[in-house]
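Below, chains carry the letters A, B, ... as their sequence lines are ordered, and counting in each starts from 1. Model, not experiment: these values are computed from the prediction.
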Number of protein chains: 2
Amino acid sequence: MSTARPPHATPRVAVDLVIMTVRESCLQLLLIERGKEPYLGRPALPGGFLRGREKLDDAAYRELHEETNLNGSRLHLEQLQAYSHPDRDPRGHVISVAYLAIAPCLPEPVAGSDARQARWTPLDEVTSAPGTLAFDHAQIVEDAVERARGKLEYTTLATAFCAEEFTIGELRQVYEVVWGMPVDERNFSRKIRRTEGFVVPTGAKRRPETGRPATLYSGGPATTLYPPMLRTGIGHELP
Amino acid sequence: MSTARPPHATPRVAVDLVIMTVRESCLQLLLIERGKEPYLGRPALPGGFLRGREKLDDAAYRELHEETNLNGSRLHLEQLQAYSHPDRDPRGHVISVAYLAIAPCLPEPVAGSDARQARWTPLDEVTSAPGTLAFDHAQIVEDAVERARGKLEYTTLATAFCAEEFTIGELRQVYEVVWGMPVDERNFSRKIRRTEGFVVPTGAKRRPETGRPATLYSGGPATTLYPPMLRTGIGHELP
DNA sequence: ACAAAAGTGTTACATGTACACCCATGT
DNA sequence: ACATGGGTGTACATGTAACACTTTTGT
């Protein structure tokens, strides 16, 4: 902690974004195709270097806006962690601070203002073909997905996947898709509505193509869930 | 993401450590007294700048060793998050990646090999006198404590506060002290021993000054707790 | 009438909570 | 004997899982 700059080359700092949504009953990530070396043409997480005296959060919001048409409002964004292996970027030592962003399902497939092409990619495509993602982005994605899965259990994060108004059925689909396991609609519905502050009815109803109209809700003021929505039946194995 | 270095002054990267233990029935943090400007003489978290092509984890272990006599083995260390406000350090833009370290209660009060004095400080002293800690370290401490409290609920982190061998009563004290609330010993004991892989009996017993000898345990192979040990009775208020 | 989706009731079971009580030891 | 801390039994409340059943709509 000397006041003089250290003699070593100080690493550069970047942010990378894992942007998730639920589309077509499937957890999808927004990936770009790299337009430059290294990893030219390979899919990668959107991201970029920190500028000037910018905060990491600001850089994350900026990249989100530059690379996608998503605006920061009505969007969950949280810091995941920093990745710092010295060989993670062939250009030199780059520390990447990863962010988890969660967006409601958007109708248009999001065109980046930047020249790079951005498209929603099902998580299965990413995990079933390991080694396709640039840098250590597969690891970052894995960590981000695990974070999201865990936070559904004890926070109201699931509402971030939904539009302004949503039905309990849509919220349940978020849990099923993110967790990758079926959830009983009847019990789920009761539990959600009994957890104070999770959802608040808007008064409106949505008429499905066929069937009874569903009450519409919006996200409530609660952030933590008590009691939590625990995933059961999954292995809590020993390491 | 140009291959040329960005024109902006790139921020420096440091690590800061929140090292916790339970001593004298109280959650304590290892703080140093700053020996240089800025914040000369003020208490602060141990930490320092990243060197060369070092990983953040390696820098955290190095600082832990340099500033304290703690060796990395038999010690929990995990990354918390990065703090990046451009004005958080008066010397310029310094991004700090905070780490949470958890140590068993050590007999000696840990003298740093570095000249700076390190001492265990009760958390209450830190939180009851806000504005004493250097930089944004009060915020980092707050986040670290909340992380530790949460992780006691659904992981086996509590054993990291204990020595190689411990009694259920000692483990319960960890929960009580970290959570700041009483925990029923009878139910706690049963619950811990029923959670497979949390603790394993060593076969030995410890004889208290007075009272029935307690079975000694060591940390088991499990890392996650199912069902979790939930804190109850605390406000899950609306924000 | 029927299909489809939303929502309720019910039952069996697991877990959490509170607390009376028993156990093993040193003084 | 008694204080002290470790540990068991048990009754009650609450939460979960599974699933039959009712409600509300469009066709």
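At the heavy-atom level, Arg172(A) lies nowhere under 4.0 Å from the strands shown. Within the 4.0 angstrom heavy-atom criterion, no nucleotide atom of any strand lies near Glu185(A). Residue contacts shown for Pro213(A) are limited to sugar-phosphate atoms, with no base heavy atom under 4.0 Å away. Across all strands, Ser189(A) comes closer than 4.0 Å to no nucleic acid atom at all (heavy-atom distances). Residue Arg193(B) is classed as a sugar-phosphate contact, given heavy-atom separations below 4.0 Å to backbone atoms only.
We find that CZ of Arg194(A) is positioned 9 Å from C1' of dG15(D), with the value rounded to whole Å. For Ile192(A) and dT8(C), the CD1 to P distance is 14 Å, given to the nearest whole Å. The interatomic distance linking Tyr175(B) (OH) with dT17(C) (P) rounds to 13 Å, in whole Å. In this structure, CG of Leu216(A) is placed 9 Å from P of dG7(C), rounded to the nearest angstrom. When rounded to the nearest whole Å, the span between CD of Glu153(B) and P of dG16(C) equals 13 Å. Regarding Asp184(B), its CG atom lies at a distance of 13 Å from the C1' atom of dG9(D), rounded to whole Å. A straight line from CG of Asn187(A) to P of dA14(C) spans 16 Å, rounded to a whole angstrom. Following rounding to the nearest Å, Arg186(B) (CZ) and dA11(D) (C1') show an atom-to-atom distance of 14 Å.
Aromatic ring centroids of Tyr154(A) and Tyr154(B) lie under 6.0 Å apart.
Under 4.0 angstrom from either OP1 or OP2 of dG7(C) there lies at least one side-chain N or O belonging to Thr215(A). Proximity of Arg212(B) to the phosphate of dT8(D): no side-chain N or O atom is located under 4.0 Å from OP1 or OP2. A sub-4.0 Å separation between OP1 or OP2 of dG16(C) and a side-chain N or O of Lys191(B) is present. The side chain of Arg207(B) places an N or O atom within less than 4.0 Å of a non-bridging phosphate oxygen (OP1 or OP2) of dT25(C).
With hydrogens and angles left out, the side-chain atoms of Ser84(B) and Arg88(B) include no donor and acceptor closer than 3.5 Å. Side-chain polar atoms of His65(A) and Glu63(A) form no donor-acceptor pair below 3.5 angstrom.
Relative ring orientation between Tyr175(A) and Trp179(A) is described as perpendicular, the plane-to-plane angle rising above 60° on a 0-90° scale split at 30° and 60°.
Nucleotides of DNA chain C nearest to Leu230(B) and Glu209(B) differ in position, and the one nearer the 5' end is that of Leu230(B). Nearer the 5' end of DNA chain D, as judged by each residue's closest nucleotide, is the contact made by Thr167(B), out of Thr167(B) and Gly211(A). Of the two residues contacting DNA chain D, namely Arg190(B) and Gly169(B), the nearest-nucleotide position lying further toward the 5' end is that of Gly169(B).
Remark: side-chain polar atoms of Arg119(A) are not paired, donor with acceptor, to backbone N or O of Leu31(A) under 3.5 angstrom.
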